[in-house]
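Report on the following structure.
Every chain is numbered from 1 and lettered A, B, ... according to where its sequence line falls, protein lines coming before strand lines.
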Amino acid sequence: MAAKWMSVAEVKQQILESSAEELTANYLETINKSKINGYITVSDKALEQAKKIDIEGLKGPLAGVPIAIKDNISVKGLPNSCGSKMLKNYIPPFNAHVIEKLLEAGAVILGKTNMDEFAMGSSTESSYFGPTLNPWDLERVPGGSSGGSAAVVAAGEAPFALGSDTGGSVRCPAAFCGVVGLKPTYGAVSRYGAVAYANSLEQIGPLANNVSDIAVLMDVIAGPDARDSTSAPNAKPEYQAALKADIKGLRIGVPKEYFGEGINPGVEKAVWAAIQRCEELGAFWEEVSMPHTKYALASYYIIAMSEASSNLARFDGTRYGFRAEGETWHSLISKTRAEGFGAEVKRRILLGTYALSAGYHDKYYLKALKVRSLVKQDFEKALGKVDVLMAPTMPNPAFKLGERLEDPLSLYLSDVNTVPINLAGVPSLSLPCGFTAGLPVGLQIIGKPFEEPTLLQTAYTFEQNTDYHNKRPPEVV
Amino acid sequence: MAYENPEGVMIGLEIHIQLNKLKSKMFCGCSTAYHDAEPNTHTCPVCLGLPGALPVLNKEVVRAAIKVGLALKGEIAEETQFHRKNYFYPDLPRGFQITQYDYPIVSNGKVVIEGEDGEHEVKIWRAHMEDDPGRLVHIGSIAKSKGVMINYNRSGIPLIETVTAPDMRSPKEARRFLDKFRNILEYLGVFDGNLEGAMRMDANVSIRGGTRVEIKNISSHKGVEKALLYEIMRQKNVLRRGGEITQETRHFDEARGVTLSMRTKEEAEDYRYFREPDLVSIHVSHLIPEIKATLPELPDAKRARFLEEYGITDMHAKALTSSILLADFYEGVCKKGAEPKTAATWIADVLLGELNYRNLVLASYDGVSLGCINDKEPELGNSFKADDMVELITLFTEGKISDKAAVEVLRTKLDSEEEKTPLQLVKEKGLFKAEAELVVKAVSEAIAENEIAVQDYLGGAEKSLNFLVGQVMKKTKGTADAKTARELLVKELKS
Ligand SMILES: [Zn+2]
């Protein structure tokens, strides 16, 4: 049997019926036939690891369950390219916190998935390793930057995956590929071992075929970690315990600013239909206003690019990764960076450097920080009145490959509904809620800090009463 | 009389000290004891700046910074933060240094030094925490080097940078400030100034209210004094010729004793400071009472106590408290039974003098012996036991040996590594003062055997007495006290 589109529960059942090794072999076979370029590296240790788990007697909640990992999360011994020529040959000597947790739980790492270079993008087209294709339409992008992780889950090349979300990088590809994706509350999951794009904004997050599997993954990866000073010290919630099909009395806020100009009518229709479905299931909805939303995008890009310009300074060809030879260390460093980084990364480093420069720092960076606190206040106010917010994840469905490459600004604008969430640090989940012109639409459910269980319960209830999560892309079946 | 400061010299200092007495680095668990280690063995993903590794603040660094702040009589910030200072350099593994910017942990401190005209206060603007980069090692000389190697063992060593107001009015005051500052920090037990790279200094100087010039990266107190002397002379010469002082950063060429221009204001780097997003704000108020209560006695307080408790001179008290090691050694010697005033003379005058003569600097005191290292040739180091000092002082105060003999024993101890006690050395060298009868006998013999000299002396030739004293010394193998011998001879000859 082809190992496709199984839930974690089904995967575990199959392991019991055959073995972890056989199941992993099935996934590797599927990956081998892939048309979507979802993986940058397929682990040559996966089978061996699965075999060991069989021998040791399937210990741990994920014993033998395969998983795909975005290529910016360090797995000891596997390349961690970040989708860049710069780190193409860089093999980390240590595991990220989430990888340690997964390995303790018995998971099998299938490989490292494709992404926009250093997570900068929402189409996975800026990867040095070529774009990943959307399983629903191979001429379209899978979204990004965790496009590889979303696409391999949608294509049945992994039961679930980890991505990272700085400004929508889990939720955007989840929406475009018709899978579930969660950006946890800032601090809920340790960032130790995830290569930073914009530290103050990003979180590692799970992508899966259904809400239950998101909860399963969160139970494994979330929780405090002494190695990440920004990880929340409080005890983590029981995520799977939240999987109850009941949203009676749930108060939903619908921020009108998230249905702004340029929203695709098909997307709008699907999202409103989903909100109405929730109403039928016993929830109440009301319109809320988040007046600073229109400034969020500018604030986000200034903060993200500023942090990125500093984070990426370490890639200088001196210690690891790509190196271009130079006569002096000045020329070595500048040539290395000129040849090692792609155009989008350079654009963001330059803009971020500019925004932090003397004379511009207050005008851009400090102002962006002020806007950030206003955006945060919007969320505090709105979420003071309602339990969750609902909005489209993306204003449009997956677009054609190459369509926006020449116009980076239009690409930035499509992040309008996802970046405010990162500025505020609140949790947000993208859930398949319908289709437009044959392409999946994502419903974004946003909650209060550390109230992921409310998001999971809402999403689970919707999922139990609809059939969107069972729809499979035609292209790769 | 008040010091007039005729040239209107204003000197400010920026001092980096390594908190090298702490066990681990600033943001990781790597050991700080890297000085004798193989290159790049004291490293980990964090201090190598590997992608994905995150800094975690070592709380001991914060405690040490609070100690320093309290010792400098400064204010401790209730909330303090870290910033990134961005610049490219191969020894900087992350491409930025983690430092403090607008929320330093310490501000508004002061240090009182012995100035040109008595006590002089130097204000401390701020002191903050930051991490050290690695080190470049050139193959051969920098100019001809074919390549450079990088050792990241130093990367992430915690530093405290202290910035003073331009309150020093002469290079001598700058040097005195540095001596005092180092002394205070060593008293706190957070810092060992003898380790290579432990203290690095920048100095800024202006004259007659003019433009300020900065001299970067000087490694010794002596170097700071020399660099400032040169720089003040250079600025005076520029002004005398009708020129203008340009705002610039200069480098001190220690070998040639001159300062050279590095970069002007226009070329100043833009460090693009911003808040370090991987670290959270630190609140320290709750730590302060406990740290205050356990703060050790500092140099000024110790000096006052020594005056009071041991009845020694202020000069001795000052010398003995100029280093925590020496102060502890002195108190150790007193506790073991040496008479405090005599001990002060023997330690502050004799021992320190002999150490200086040998280029030996104090390196450690473990309650048993005082370790010294040669600052030019470290392998020529030696140690000196408190017990030996007590024994030596006792031999002297009991009149068993002369002061000259005591000095000789001390020198022998410093120059050899043999484990011999002063008593053993005195016996071996026959340095005991001769017993009275022996001298009397020698005097009678000398008179009986040298009739001509006796006649000459009685005839008025004073010089002949010297000859007779020499004879007595010879007969007593030098153990007689020359003064006693002379007195006995005169008494005998005149009777
Ligand atoms: Zn380290």
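Judged by distance alone, with hydrogens and angles left aside, the side-chain atoms of Thr113(A) form no donor-acceptor pair with the main-chain N or O of Ala68(A) at under 3.5 Å. Panel note: side chain Ser146(A), backbone Ser164(A); a donor-acceptor pair is recorded below 3.5 Å.
Within the 4.5 angstrom heavy-atom criterion, no atom of Ser190(A) approaches chain B. Of the atoms belonging to Tyr365(A), it is side-chain heavy atoms, and not backbone ones, that fall under 4.5 Å from chain B. Heavy atoms closer than 4.5 Å to chain A are found in both the backbone and the side chain of Asp278(B). At a 4.5 Å heavy-atom cutoff, the contact between Ala194(A) and chain B is made by backbone atoms alone. With a 4.5 Å cut-off on non-hydrogen atoms, Asn311(A) touches chain B through its backbone and its side chain both. In this structure, chain A has a heavy atom under 4.5 Å from the backbone of Leu92(B), while its side chain stays farther away. Both the backbone and the side chain of Ser310(A) come within less than 4.5 Å of a heavy atom in chain B. Neither the backbone nor the side chain of Ala355(A) comes within contact range of chain B; no heavy atom of the residue lies under 4.5 Å from a heavy atom of that chain. If you measure heavy-atom distances from Arg94(B) to chain A, the contacts under 4.5 Å come from both the backbone and the side chain. Residue contact with chain B, scored on non-hydrogen atoms closer than 4.5 Å, involves the side chain of Tyr90(A) exclusively. With a 4.5 angstrom heavy-atom cutoff, Tyr152(B) touches chain A only via side-chain atoms. Heavy atoms closer than 4.5 Å to chain A are found in both the backbone and the side chain of Phe88(B). Ser74(A) touches chain B through its side chain: at least one heavy atom from C-beta onward sits under 4.5 Å away, while N, CA, C and O do not.
Counting heavy-atom pairs closer than 4.5 Å to chain B, the top-ranked of the candidates Gly193(A), Ser200(A), Ala198(A) is Gly193(A). Residue with the most contacts toward chain B among Arg319(A), Arg227(A), Glu307(A): Arg319(A) (heavy-atom pairs, distance under 4.5 Å). Contacts with chain A were tallied for Leu279(B), Leu50(B), Leu57(B); Leu50(B) has the most, counting heavy-atom pairs under 4.5 Å. No other option in Asn72(A), Thr353(A), Ile333(A) has as many heavy-atom pairs under 4.5 Å with chain B as Thr353(A). By number of non-hydrogen pairs under 4.5 angstrom with chain B, the leading residue of Thr230(A), Val195(A), Leu366(A), Leu356(A) is Leu356(A).
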Next item on the list: Evaluate the criterion side chain to side chain donor-acceptor pair (under 3.5 Å) for residue pair Arg154(B) and Thr43(B); output intermediate values, then yes/no.
Entry: CA-CA 9 Å; Arg154(B) 196 178 76 176; Thr43(B) 56; over 6 Å; no
Item checked: Test log, rule side chain to side chain donor-acceptor pair (under 3.5 Å), inputs Asn217(B) and Asp202(B) -> CA-CA 5 Å; Asn217(B) 228 339; Asp202(B) 304 336; 5.8 Å; no
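Remark: aromatic rings of Tyr101(B) and His83(B) are close, center separation under 6.0 Å. Between Tyr354(A) and Tyr360(A), the gap from one ring centroid to the other is short of 6.0 Å.
Ring orientation note: the planes of Tyr192(A) and Phe94(A) are tilted relative to one another, at an angle of 30° to 60°.
Taking CG from Leu19(B) and OG from Ser24(B), the interatomic distance works out to 11.0 Å, rounded to the nearest 0.5 Å.
A salt bridge does not link Glu214(B) with Arg212(B): none of the charged nitrogens is closer than 4.0 Å to a carboxylate oxygen.
Taking the ring axis of Tyr271(B) as reference, the NZ or CZ atom of Lys85(B) stays within 45° of it and closer than 6.0 Å to the ring centre. A cation-pi geometry, defined here as NZ or CZ lying under 6.0 Å from the six-membered ring centre and within 45° of its normal, does not hold between Lys346(A) and Phe341(A).
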